[in-house]
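Everything below concerns the one structure shown next.
Numbered from 1 within each chain, the chains take letters A, B, ... in sequence-line order. Scope of the values below: all heavy atoms of this structure, side chains included, with no hydrogens, waters or symmetry mates.
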Amino acid sequence: MNRRYDPAEIEPRWAVRWEADELYRTAPADARPKAYILDFFPYPSGDGLSVGHCRNYVPTDVLSRYYRMHNYNVLHPMGWDAFGLPAENAAIKLKTNPAKLIAQYSANYKRQFRLIGISFDWSREIDSSQPEYYRWTQWIFLQLYEAWYDPRIRSAIPIAELEKELAESGTSGIPGAEPLTATQWKGMTSAEKKDFLSKFRLAYRVASSVNWDPVEKTVLANEEVIDGRGWRSGTLVEKKVLLQWFFRITAYADRLLADLEGIDWPEHIKLMQRNWIGRSEGAEVQFATEAGSLKIFTTRPDTLWGATFMVLSPEHPFVSRLTTTDRKSEVDAYIAATKGQSEIDRTAEGREKTGVFTGAYAINPVNDERIPVWVADYVLMGYGTGAIMAVPAHDQRDFEFARRFDLPIRVVIQPTWKDAPAPPLDANQMTGAWPGEGVMVESGPFDGTSTTVAVAQITAWLEATGRGKLAVNYKLRDWGISRQRYWGTPIPILHTPEGEVPVPEDQLPVRLPPVEHYEPTDSGESPLANIPEFVRVVMPDGTEGRRETDTMGTFACSSWYFLRFADPGNSEEAFDRSQAAYWLPVDMYVGGAEHAVMHLLYARFWTKVLHDLGYVPFVEPFQRLRNQGMILAPDGKEKMSKSKGNVITPDEVVMDWGADSLRAYEMFISDFEQATPWNTHGLAGTHRWLKRVWELLLNPADRLPVNETTRQSDRDLRRWTHKTVKKVSHDIEGFRFNTVISSLMEFTNALYEAQRQAVSTPAFQEASDALLLMLAPIAPFMAEEIWSLLGRPYSVHRQSWPQHDENLAADEFITLVLQVNGKVRGRLTMPAGLKEEQARAVALESEAVRRHLGGKPPRKLIYVPGKLVNVVV
RNA sequence: GCCCGGGUGGCGGAAUUGGUAGACGCAAAGGACUUAAAAUCCUUCGGAGAGCAAUCUCUGUACCGGUUCGAUUCCGGUCCCGGGCACCA
């Protein structure tokens with residue numbers, strides 16, 4: 001034969017054949033075990049894929065092929081997260097419609113995926129910007145809109161159930177709801193009722209401030225604001241108050257937190273989600289004021305005796321009610337100044353505390369002390385109750401505020417640990433008793449109690465006396481989805497004189513009008529507002545309505561696409577329930593850590609809602625998750641970026657080395673989760689390895705002289721084979737691809753050694769077959785070509801993965817390490833079944849040990865079975 | 001500031017549960033083949049030292065200390081790098 005390895009000839013040929021044969025088409029649901037292996041679906045950009053992107057697509061492809069060879073029913077699909085700002089901005093610049101760009105960009109991605117041999121089932125391709133898809137994104141929106149979260153059963157249920165309950169008993173049975181009687185409910189107008197219900201719906205609209213870029217004349221998403229400036233214009237972003245749509249993700253905070261326990265995700269991602277959800281337990285405490293009872297939230301009720309003043313957020317409703325006449329002008333000025341500031345200004349680092357005194361006082365419920373009430377912007381309306389008790393001795397922020405405005409500081413906790421500093425009498429700095437364990441002082445009946453005990457006792461006392469109660473708060477905010485943009489899923493809502501009305505399900509999809517091009521508006525409205533045909537609707541009763549012109553942010557599209565892949569062609573439903581139940585949850589989900597919070601949290605949320613409403617039987621969408629590390633530029637530690645001109649594309653690598661070499665190198669480059677620089681020399685090394693495999697399997701005649709020192713028997717070769725199969729299988733399943741490649745390299749080297757001695761023994765045949773089959777998922781083109789040239793029946797990708805035999809993999813000999821006082825002094829090759837007595841004996845007799853004992857008697861002997869003997873003197 | 005990762009040869013990186021540090025690959029050096037080059041193959045390759053030599057000794061996983069018969073691995077502290085959060089009471 002003597003054919004040269006020529007990937008440029010081999011690869012396109014097999015790509016065409018596999019495509020024609022639909023080799024990777026997903027089988028229908030059957031009795032086999034299933035494996036759903038999914039990449040984060042990409043956002044097609046004009047730049048195409050880089051070798052960095054291939055870092056996740058190659059391993060998931062290897063895994064998919066591996067499971068196919070184990071006769072799993074594998075779902076490995078690909079689609080396009082097509083809506084969103086980059087495509088839209090590019091389209092505005094080019095004065096075209098983004099749909100055209102997406103078609104062009106995704107075609108290029110698809111070409112690249114084929115080029116590198118990714119085994120996607122293209123019959124399941126989805127595009128989130130197509131009406132066939134976003135129709136169902138809108139449908140899910142309506143499911144959220146028509147549902148509320150009932151805290152009593154910890155589940156979403158239809159809003160109709162709530163309406164029924166309100167008519168029967170008002171809100172009396174609903175914890176946390178504002179009081180309303182059945183009579184009051186019945187007396188409400190239709191618009192009032194809608195208003196009231198929107199406080200419960202999982203999708204609701206409310207006035208909220210947004211990021212406004214005055215140069216771009218557009219609203220920006222939070223992710224598009226970097227250090228307070230628009231990501232493209234670089235100008236300072238302003239705040240604008242607009243009516244915005246939200247999803248009530250906060251209702252699911254506890255479940256989103258709790259269910260992290262049961263999923264196999266990287267610990268740091270779980271931690272980021274936990275921090276983002278930000279649960280804190282504490283107490284809600286009521287302080288009496290002239291305007292009524294003022295509620296605060298604290299995680300440290302044990303510091304109640306140290307409260308020397310209170311602070312309200314500038315937006316707090318009590319501010320106007322409490323402020324005394326003589327303080328009014330000053331308070332008003334402060335609030336006006338606060339409003340003019342952006343969030344960035346308000347939270348800027350190292351900023352000095354600001355605030356004003358309201359002139360009012362509140363009564364501390366634990367000691368009836370009268371303390372002044374201040375207003376300051378460091379207290380946020382969005383967390384807790386928007387009011388705090390300030391304990392300057394034990395809270396850094398309160399301390400800074402007290403120093404700035406000369407307010408009293410009272411230490412109420414002393415540290416208990418040894419050498420603790422005395423409480424600072426001059427209050428130049430806070431005492432150390434925060435947040436650790438301490439002992440209460442100056443705290444009336446609790447003096448001498450430890451803080452951990454006191455927290456529980458005080459909370460119980462507050463509850464018993466009606467002055468407060470146990471409370472839990474979350475940092476998590478509701479998910480804002482409104483975008484004043486053209487290129488997104490239209491929100492299926494109509495605004496009528498009677499209020500908002502959902503678009504009936506049978507009228508979905510609300511199609512995006514196919515305009516040629518458009519410009520952003522000055523008003524902060526979506527460009528859709530300028531398209532009258534889109535906006536104007538005539539209601540069945542003849543009145544005129546106005547279509548919602550906001551679109552959904554793209555995180556909505558990506559919050560359910562993994563479900564659509566289970567049943568992508570369904571025109572009757574978002575997905576067939578039995579298909580979803582069969583394929584989901586995703587068994588292995590792979591993508592970048594940059595989505596650790598947003599996408600992964602939103603998708604979990606939607607899944608839980610769909611579960612509660614009876615559409616899916618599981619509560620978590622992604623059973624296993626892994627994040628690939630970034631591939632950096634070859635020189636130094638820089639990221640690859642277009643602006644730096646250091647991007648390496650798979651196209652150029654495939655042209656120079658072939659797809660199989662690219663794939664092998666992507667696996668070999670480093671630990672999967674670790675960032676690492678690209679290195680073309682390293683790539684050449686894996687290419688060299690593949691060439692050696694090619695030569696070994698196809699041109700075995702070139703005999704080399706027998707190397708007596710590495711001479712191996714057939715039994716040795718079989719051991720190599722079975723050990724390698726075991727290790728490679730184990731490492732693929734464990735996502736350790738770099739050691740998969742190094743094991744296969746070692747195995748190849750062993751085969752070369754074996755070949756010097758015996759070319760056509762059964763043991764050699766077994767070894768080379770195993771090598772070829774293990775190579776199939778990694779280098780699919782080359783493996784197929786060799787398989788074919790060896791005259792085997794098409795296709796190597798339909799073969800079974802080799803099985804290993806534990807007995808054959810077992811070692812015959814071990815290396816017994818000899819240590820004296822923990823230092824390695826020698827090594828002996830011994831039979832694997834070595835007994836402890838024998839090991840001890842040979843160790844003591846050995847020349848190496850005796851030399852280091854220097855005639856002294858051993859004090860102690862440590863034996864680690866099959867590994868070492870340590871002689872201690 | 002707080003919370004997570006990580007730090008191993010010239011480089012990318014290996015190293016079940018605490019038990020042979022540096023697998024595998026790159027680069028480099030020397031050699032073989034060749035008119036020559038490429039390709040390929042062979043050998044060496046953490047640092048220092050001793051020996052004609054096989055080999056041996058010391059040292060070494062960011063730094064300092066601890067636990068242990070034994071530490072890259074566990075504990076305490078320090079430094080550096082990367083990521084996340086950032087007035088959340």
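At the heavy-atom level, A:Ile669 lies under 4.0 Å from the strands shown only through sugar-phosphate atoms. Residue-level contact check: A:Thr815 touches the bases, meaning some heavy atom is under 4.0 Å from a base atom. At a threshold of 4.0 angstrom between heavy atoms, the contacts of A:His852 are confined to the sugar-phosphate backbone, with no base atom among them. Backbone-only engagement by A:Asn738 is indicated by non-hydrogen atom pairs under 4.0 Å involving sugar-phosphate atoms exclusively. Note on A:Glu400: nothing from the nucleic acid sits closer than 4.0 angstrom, heavy atoms only. Using a 4.0 Å heavy-atom criterion, one finds that A:Lys823 contacts the sugar-phosphate atoms exclusively. Within the 4.0 angstrom heavy-atom criterion, no nucleotide atom of any strand lies near A:Arg274. The residue A:Arg279 sits apart from the nucleic acid: no heavy atom pair falls under 4.0 Å. Residue contacts shown for A:Ala390 are absent, as no nucleic acid heavy atom lies under 4.0 Å away. Residue A:Val864 is classed as a base contact, given a heavy-atom separation below 4.0 Å to a base. Using a 4.0 Å heavy-atom distance criterion, A:Gln819 is classed as a base contact. A:Arg859 comes within contact range of no nucleotide atom at all, as no heavy-atom separation falls under 4.0 Å. Within 4.0 Å (heavy atoms only), A:Asp671 reaches sugar-phosphate atoms of the nucleic acid but no base atom.
To the nearest whole angstrom, the two P atoms, one in B:G19 and one in B:G70, are 14 Å apart. Comparing B:A21 with B:U61, their P atoms sit 12 Å apart, to the nearest whole Å. Comparing the P positions of B:U44 and B:G5 gives an interatomic distance of 41 Å, to the nearest angstrom. Comparing the C1' positions of B:A23 and B:C81 gives a spacing of 26 Å, expressed to the nearest Å. If you take atom C1' in B:A38 and the same atom in B:G49, they sit 41 Å apart, rounded to whole Å. For the P atoms, the distance linking B:G12 with B:A27 amounts to 15 Å, nearest Å. Here the separation of B:G18 from B:U72, taken at their P atoms, is 13 Å to the nearest Å. The separation of B:G46 from B:G65, taken at their C1' atoms, amounts to 25 Å, rounded to a whole angstrom.
Rounded to an integer number of Å, the gap from A:Arg55 CZ to B:G12 P is 14 Å. A straight line from CG of A:Asp395 to P of B:G1 spans 18 Å, rounded to a whole angstrom. Atom pair A:Asn821:CG and B:G70:P shows a separation of 8 Å (rounding to whole Å applied). Between the CG atom of A:Leu304 and the P atom of B:A89 there is a distance of 15 Å, given to the nearest Å. Atom pair A:Leu744:CG and B:C24:P shows a separation of 14 Å (rounding to whole Å applied). Atom C1' of nucleotide B:C42 and atom CZ of A:Arg692 are separated by 12 Å, given to the nearest angstrom.
Of all nucleotides listed (B:A21, B:U57, B:G13), B:G13 comes nearest to the side chain of A:Ser670. Closest contact between the side chain of A:Lys691 and the listed nucleotides B:A39, B:C69, B:A23 involves B:A39. When the nucleotides B:G25, B:C58, B:G70 are ranked by their closest atom to the side chain of A:Asn870, B:G70 comes out on top. Looking at the side chain of A:Pro677, the nearest of the listed nucleotides B:G12, B:U57, B:C69 is B:G12. Minimum atom distance to the side chain of A:His681 is reached by B:C26, of the listed B:G13, B:C26, B:U20. With B:G25, B:A89, B:G83 as the candidates, the nucleotide lying closest to the side chain of A:Ile388 is B:A89. Proximity note for A:Ser742 (side chain, C-beta onward) versus B:G12, B:G83, B:A23: the nearest is B:A23. Side-chain atoms of A:Trp276 lie closest to B:C85 of the nucleotides B:A14, B:U20, B:C85.
One donor-acceptor pair, N or O on each side, does fall under 3.5 Å between the base of B:C87 and the side chain of A:Lys353.
Salt bridge A:Glu695/A:Lys691: absent, no basic N to carboxylate O contact under 4.0 Å. Ion pairing between a basic and an acidic side chain is recognised when a charged N comes within 4.0 Å of a carboxylate O; A:Glu806 and A:Lys726 show such pairing.
Using the Watson-Crick or G-U wobble rule with both distances under 3.5 Å, B:G70 pairs with nothing in any strand shown. Under the Watson-Crick or G-U wobble criterion, with both distances below 3.5 Å, B:A28 is paired with B:U44. Across the strands present, B:G60 finds no partner; the criterion is a Watson-Crick or G-U wobble pair with both atom distances under 3.5 angstrom. Applying the Watson-Crick and G-U wobble criteria (two distances, each under 3.5 Å), B:U17 pairs with nothing in any strand. With a 3.5 Å ceiling on both atom-pair distances, the Watson-Crick or G-U wobble partner of B:G5 is B:C81. Base pairing analysis places B:A50 opposite B:U55; the two distances defining the Watson-Crick or G-U wobble pair are each below 3.5 Å.
Annotation: of the two residues near RNA chain B, A:Gly822 and A:Arg851, the 5′-most nearest-nucleotide partner is A:Arg851. For A:Gly685 and A:Ser280, each mapped to the nucleotide of RNA chain B holding its nearest heavy atom, the one lying further toward the 5' end belongs to A:Gly685.
Of the possible polar contacts, none joining the A:Arg55 side chain to the A:Ile631 backbone as a donor-acceptor pair under 3.5 Å is found. Proximity of a side-chain donor or acceptor of A:Tyr602 to a complementary backbone N or O of A:Ile249 within less than 3.5 Å is not detected. With hydrogens and angles disregarded, no donor-acceptor distance shorter than 3.5 Å links the side chain of A:Arg626 to the backbone of A:Trp265.
Only A:His268, A:Leu271, A:Met272, listed by number, bring a heavy atom of residues 263-272 of chain A to less than 4.0 angstrom from any atom of RNA chain B.
Within a 6.0 Å sphere centred on CE of A:Met830, heavy atoms belonging to other residues, nucleotides or ligands number more than 12.
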What verdict does the ring-ring contact (aromatic ring centres under 6.0 Å, His included) test give for A:Tyr665 and A:Trp678, after you've listed the backbone C-alpha separation in whole Å, the side-chain angles of each residue and the deciding distance to 0.1 Å? CA-CA 10 Å; A:Tyr665 183 60; A:Trp678 185 260; 4.9 Å; yes
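In terms of heavy atoms, A:Ala376 sits closest to A:Phe401 at CB-CE1, 3.5 Å.
Residues A:Asn473 and A:Ser280 bring no donor and acceptor atom of their side chains to less than 3.5 Å of each other.
For B:G19, neither phosphate oxygen OP1 nor OP2 lies less than 4.0 angstrom from any side-chain nitrogen or oxygen of A:Lys867.
The ring of A:Phe555 has its center no closer than 6.0 angstrom to the ring center of A:His599.
Regarding the sugar-base torsion, B:G9 falls in the syn class, its angle being within 90° of 0.
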